[in-house]
Amino acid sequence: MTSLTLAPGQPFSLDRTLGCGQVFRWDREKDGWWYGIVGDRAMRIRQDGSRLTFEGAPARFIRHYFSLDMDLPPVLEAIDRDQFIHAALTTSRGLRLIRQSPWECLVSYICSTNSNIPHIRKRIGAIAGMFGREIVFKGRTFYTFPGPSAISCGGTDNLAACRLGYRQPYVAATSCMMTNVQRWVETSATLPYEDARKALMTFPGIGPKAADCVLLFAFQQYEAFPVDVWIRRIMQQQYLPSLNCDASLSNREYDTIRRFARNHFGKYCGYAQEYLYAARER
DNA sequence: GACCAGGAAGAGT
DNA sequence: ACTCTTCATGGT
C-alpha cells in the first residue's frame, strides 16, 4: 500500500475523474475504493482529502495516469470564459482528464456509438473477458485489454459473443488494420490535432466524435472537442441557439460546434467539454 | 441531405 | 409492459 499527498493548489477529485464517463473499466465499491485495470496491472485507489492511497501501481504511474503532474488551475482559468462554464467548473471541481491506453481507448469509443455508458462498459468488459488475460487482485478477477492480434485472430464467433451489434465488423476491421501498423502511438502522437484526427478517422468505426474522444483521452490533444448528443444540446441551449437538435448531426454542424468551442474556450477546449459533459442535466 | 441498419440497457410512462 | 433515448458511423 502506497500513498501520496496532492500538491497544495492542485485540485483533484478521484470520484469525479473516474465517474465522469471518460473511462469504462473502473468500479467504485461502497467503502470508497476504486478498482480498475490499466494496461497489464490491476489496481485499487482511494482518496481521503488530499491523500491518495493505492495498491498495484507505483506512485509515478498514478501521477502520470491521473495527470497529477499537470498544473490544472491555469487551464481552468483559461477556459473559464462565461457564467455557464464557470458553474460547471465549480460543480465538477477536481475533474482531470486521464491518460488512457490508446488502443483500448480506440476500441472503447468504437463500441461507444449510440449507446449509454453502462452498455458501453459491458461491451468493453466482454471483449476483455473473451480475449484478455486473467488477473486476480484482492480476490477480484480482472482481464487485461487484448491487443489487436488477439482480437482479430480470436475468431468471429467469439467476437459475436461480445454482442457489439453493428460495431462488431468495425472492431474486427480496425484490429486487423492495426496489426499492420508500425509504431501507431508514436506516430500519432507527433501529428498536429487536425492531421491526427484525419488519421484516426481512417479506422472503420471511428468518425469525428470517436476520433475527438481518442485524441482527448489517449493523446492529450486538448484542442479536441467531442460533440455528442449531450454536448450538442448544451451548446444549442447556451451558446449556439440557431442549432437544430431535432435533425441528425451533420459534419458541417459538428465543425461549426467544435470551431466555436475552440474559439470560445481556447486551446484547452477539450477540458471545457469534459466539465460541460460532467455537469449535464440528466 | 435523408434514411436506414444492428442492438440492448436505462429511464420514463 | 411499452416507448423512447442512448458519449454515431457508414452505406445507399
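First the proteins, then the strands, lettered A, B, ... as listed; each starts at 1.
Residue Tyr170(A) places its side chain closer to dG10(C) than to any other of dA8(C), dG10(C), dA9(B). Of the candidate nucleotides dG7(B), dT6(C), dT9(C), dG7(B) has the atom nearest to the side chain of Arg123(A). Here dG7(B) is the nucleotide among dA9(B), dG7(B), dT9(C) with the atom lying nearest to any side-chain atom of Ser115(A). For Val229(A), the side-chain atoms get nearest to dT6(C) when compared with the rest of dT6(C), dG10(B), dG1(B). With dT9(C), dA9(B), dG7(B) as the candidates, the nucleotide lying closest to the side chain of His119(A) is dA9(B). When distances are taken from the side chain of Arg167(A) to each of dT6(C), dA8(C), dG7(B), the shortest belongs to dG7(B). Of the candidate nucleotides dA8(C), dT9(C), dA9(B), dA9(B) has the atom nearest to the side chain of Lys122(A).
Looking at Gln273(A) and Phe265(A), their side chains never come closer than 4.5 Å, going by heavy atoms from C-beta outward.
Note on Leu164(A): nothing from the nucleic acid sits closer than 4.0 angstrom, heavy atoms only. Counting any heavy atom pair closer than 4.0 Å across all strands shown, Ala247(A) reaches no nucleic acid atom. When heavy atoms are screened at a 4.0 angstrom cut-off, Phe217(A) is found touching no nucleic acid atom at all. Across all strands, Gln22(A) comes closer than 4.0 Å to base atoms (heavy-atom distances). Among the protein residues, Pro118(A) comes within range of the sugar-phosphate backbone only, with heavy atoms under 4.0 Å from sugar or phosphate atoms but none that close to a base.
Projected onto DNA chain C by closest heavy-atom contact, Gln273(A) and Pro204(A) fall at different nucleotides, the more 5' of which corresponds to Gln273(A). Between Gly205(A) and Ser112(A), the residue anchored closer to the 5' end of DNA chain C is Ser112(A), taking for each the nucleotide with the nearest heavy atom.
Rounding to whole angstrom units, CG of residue Asn116(A) and P of dA11(B) are separated by 8 Å. In this structure, Ile117(A) atom CD1 and dA11(B) atom C1' are separated by 14 Å, rounded to whole Å. One interatomic measurement links the two molecules: CZ of Phe24(A) to C1' of dT6(C), which rounds to 12 Å at whole-angstrom precision. Spacing between atom CZ of Arg233(A) and atom C1' of dT5(C) amounts to 8 Å, rounded to whole angstrom units. Atom pair Asn114(A):CG and dA8(C):P shows a separation of 6 Å (rounding to whole Å applied). We find that CD of Glu253(A) is positioned 11 Å from P of dA2(B), with the value rounded to whole Å. For Arg252(A) and dA2(B), the CZ to C1' distance is 16 Å, given to the nearest whole Å. Between the CG atom of Asn251(A) and the P atom of dA2(B) there is a distance of 14 Å, rounded to whole Å.
Taking 4.0 angstrom as the limit, Arg232(A) places none of its side-chain polar atoms (N or O) nearer than this to OP1 or OP2 of dT6(C). Residue Lys209(A) places no side-chain N or O under 4.0 Å from the OP1 or OP2 atom of dT9(C).
A salt bridge links Arg258(A) with Glu194(A): the closest approach of a Lys/Arg side-chain nitrogen to an acidic carboxylate oxygen falls below 4.0 angstrom. Asp195(A) and Arg197(A) are not joined by a salt bridge, as no carboxylate oxygen comes within less than 4.0 angstrom of a charged side-chain nitrogen. Electrostatic pairing of Glu55(A) and Arg41(A) does not count as a salt bridge here, judged by no charged N lying under 4.0 Å from a carboxylate O. Here Arg44(A) does not pair with Glu29(A) in a salt bridge; the nearest charged N to carboxylate O distance is not below 4.0 Å.
For the P atoms, the distance from dG7(B) to dA1(C) is 24 Å, rounded to whole Å.
dT9(C) is paired with dA5(B) under the criterion used here, namely a Watson-Crick or G-U wobble arrangement in which both key atom distances are under 3.5 Å.
Of the listed residues (Leu76(A), Thr90(A), Thr91(A)), just one forms a side-chain contact (heavy atoms from CB on, under 4.5 Å) with Tyr275(A), and that residue is Leu76(A).
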